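Just below is one structure, and these are the notes that go with it.
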Amino acid sequence: MNPSCSFLFFSSLHFCSTLTLNQSKMQHIDSEKLYEDGHYRFEYVSKFMDFGADDIKAIEAVAEQVRPLVPAVVDAVYSKLFEFDVTKKHFVPKNEGFEGPAPTSLEDLTLDHPQIKFRKNFLGKYLNKVLSGPYDDKFLSYLDWVAKIHLDTPEKKSKINVDYIHINALMGFVESTLAGGLLSLNLDRETESKALLAFNKLLWIQNDYFAKYYCNPATIHDVKHKSNACCVSKVIAPAAILPLVIGAIAGGLGVWCHLKRK
């Protein structure tokens, strides 16, 4: 049997056996509360992804070595955002908190524009916050706020509203860029693998805070469709859980493949 197929086969067996063992320990989750109580939602998501104290320790163990890479990650992110008009256009309107002159057009907007420097500074602070913590209720509120400001909400002065497809793609790019930087540090195998898994989980938790606003069943159900309404209702529930499953699988397989190459 091919080694990769063997790994996936035995992983599947382990998952199924674990599922069988855990059926008697099944926990009840209040679906509505997941959208009403941020702390309750985080507890569920972190437990689902097995994010805990060991992951926090893994991030803290490499934080000071990763921190100097933050400016390069920020530059890479904005270079990527400028590759597509559909993402670049969100930086033409004046951003909330920016006091300088806004760009006059998409063509006028460059990576060295003052508003982009302002946005880069924001992303840099975010990444440093992810590295430094503390990972408490205030930190969770910060992750929630980061998600919320990308939508058009009544309390915002600016009316910038970014579609979730771009947010999801961006989070994937941030994670892969951060992982690439981490791999370039040539850390010992155990430290590296633990850190990769921890960052993967934490960034998928951040992605879930975005999903909290974009994939809220109450909001989606309010949308009226002339056809296929039943099909929409069927995908509502999976929409909230699939990102977590995919994140856990992608992170685990990514680390495994990297370790196998070593």
Side-chain angles (χ1 to χ4, degrees), residues 51 55-92 95 97-98 100 103 106 108-135 139 142-143 145-147 149-150 160 162 165-207 209-210 247 250-251 253-259 261-262:
F51 178 81
D55 295 295
I56 292 174
K57 289 179 182 178
I59 292 173
E60 292 174 340
V62 301
E64 292 310 312
Q65 292 163 283
V66 174
R67 200 178 303 280
L69 302 176
V70 167
V73 173
V74 171
D75 287 342
V77 167
Y78 273 86
S79 292
K80 177 60 66 175
L81 289 168
F82 269 48
E83 289 182 16
F84 307 95
D85 57 356
V86 73
T87 49
K88 184 180 178 181
K89 69 178 184 179
H90 292 292
F91 302 101
V92 175
N95 285 197
F98 178 64
L106 196 65
D108 177 53
L109 184 59
T110 61
L111 285 169
D112 59 357
H113 190 281
Q115 179 156 272
I116 298 304
K117 291 180 180 179
F118 171 80
R119 295 297 306 173
K120 282 186 173 183
N121 183 55
F122 175 85
L123 178 57
K125 287 181 177 178
Y126 167 78
L127 292 173
N128 278 300
K129 181 72 173 175
V130 167
L131 289 170
S132 62
Y135 307 98
F139 179 76
Y142 176 70
L143 296 185
W145 174 77
V146 168
I149 62 172
H150 287 81
I160 296 172
V162 185
I165 184 174
H166 313 307
I167 294 293
N168 191 49
L170 174 62
M171 291 302 299
F173 182 79
V174 170
E175 181 181 6
S176 61
T177 304
L178 190 58
L182 183 61
L183 294 173
S184 72
L185 297 175
N186 295 316
L187 303 170
D188 66 88
R189 181 170 177 172
E190 183 178 4
T191 300
E192 183 181 83
S193 60
K194 286 182 177 179
L196 282 171
L197 286 170
F199 278 119
N200 172 72
K201 293 176 187 178
L202 185 56
L203 290 177
W204 275 90
I205 287 171
Q206 172 67 85
N207 199 20
Y209 275 99
F210 283 106
L253 287 178
V255 172
W256 178 80
C257 289
H258 172 70
L259 295 179
R261 285 198 297 270
K262 287 189 173 183

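Hydrogens, waters and symmetry mates play no part in the numbers below; they use all other heavy atoms, side chains included. Here the structure is a predicted model, which is why all the values come from computation and not from measurement.
Here the shortest heavy-atom pairing between Leu111 and Ser79 reads CD1-OG, 4.0 Å. Across all their heavy atoms, Val70 and Leu131 have their closest contact at CG2-CD1, 3.9 Å. Here the shortest heavy-atom pairing between Pro103 and Asp108 reads CA-OD2, 3.6 Å.
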Let me have the donor-acceptor pairs involving side chains of residues 176-187, under 3.5 Å, with sequence neighbours excluded, atom names and distances please.
residue	atom	partner	partner atom	Å
Ser176	OG	Gly172	O	3.3
Ser176	OG	Phe173	O	3.0
Thr177	OG1	Phe173	O	2.7
Ser184	OG	Gly181	O	2.5

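Residues passing the ring-ring contact (aromatic ring centres under 6.0 Å, His included) test with Phe210 are His150, sequence neighbours excluded. Taking the side-chain hydrogen bond (donor to acceptor under 3.5 Å, both in side chains) definition, one finds that Asp75 meets it with Lys120, sequence neighbours left out. For Phe82, there are no ring-ring contact (aromatic ring centres under 6.0 Å, His included) partners two or more places apart in sequence or in a different chain. In this structure, Phe84 has no ring-ring contact (aromatic ring centres under 6.0 Å, His included) partners at least two apart in sequence or on a different chain. Lys80 pairs by the salt bridge (Lys or Arg N to Asp or Glu O under 4.0 Å) definition with Glu83, not counting sequence neighbours. In terms of the side-chain contact (heavy atoms from CB on, under 4.5 Å) criterion, Ala72 has no residue partners (sequence neighbours excluded). In terms of the side-chain hydrogen bond (donor to acceptor under 3.5 Å, both in side chains) criterion, Ser132 has no residue partners (sequence neighbours excluded). Looking at residues two or more places apart in sequence or on another chain, you find no side-chain hydrogen bond (donor to acceptor under 3.5 Å, both in side chains) involving Asp85. Not a single salt bridge (Lys or Arg N to Asp or Glu O under 4.0 Å) links Lys129 to another residue, sequence neighbours left out. In terms of the ring-ring contact (aromatic ring centres under 6.0 Å, His included) criterion, residue partners of Tyr135 (sequence neighbours excluded) are, by chain and number, Phe139.
Taking NZ of Lys89 as the start and OG1 of Thr87 as the end, the distance is 9.5 Å to the nearest 0.5 Å. From Glu175, atom CD reaches atom CG of Leu202 across 10.0 Å, with rounding to the nearest 0.5 Å. Here CD1 of Ile205 is found 8.5 Å from NZ of Lys201. Values are rounded to the nearest 0.5 Å. Atom NE2 of His90 sits about 11.5 Å away from atom CZ of Arg119, to the nearest 0.5 Å.
Between Tyr78 and Phe91, the closest side-chain pair of non-hydrogen atoms falls below 4.5 Å. Contact of the Val62 side chain with the Thr191 side chain is registered, since non-hydrogen atoms from C-beta on lie closer than 4.5 Å. Side-chain atoms of Leu170 and Val174, non-hydrogen and from C-beta on, do get closer than 4.5 Å to each other.
Using a 4.0 Å cut-off between charged side-chain N and carboxylate O, Arg67 and Glu64 make a salt bridge.
Asn200 contributes no side-chain N or O that, together with a main-chain N or O of Leu196, makes up a donor-acceptor pair within less than 3.5 Å. Side chain of Gln206 to main chain of Leu143: a donor-acceptor pair is present (N/O by atom type, distance under 3.5 Å, no hydrogens or angles). Panel note: side chain Lys194, backbone Ala61; no donor-acceptor pair is recorded below 3.5 Å.
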**Q.** Pair Asn207-Asn168, side chain to side chain contact (heavy atoms under 4.5 Å, CB included): steps then yes or no
**A.** CA-CA 7 Å; Asn207 199 20; Asn168 191 49; 3.1 Å; yes
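Residue Ile165 places its CD1 atom among 12 or fewer non-hydrogen atoms of other residues, nucleotides or ligands, all under 6.0 Å distant.
For the ring pair (Phe, Tyr, Trp, His ring centres under 6.0 Å) condition, the pairs that include at least one residue of residues 111-134, sequence neighbours left out, are Phe98-Phe118, Phe122-Trp145.
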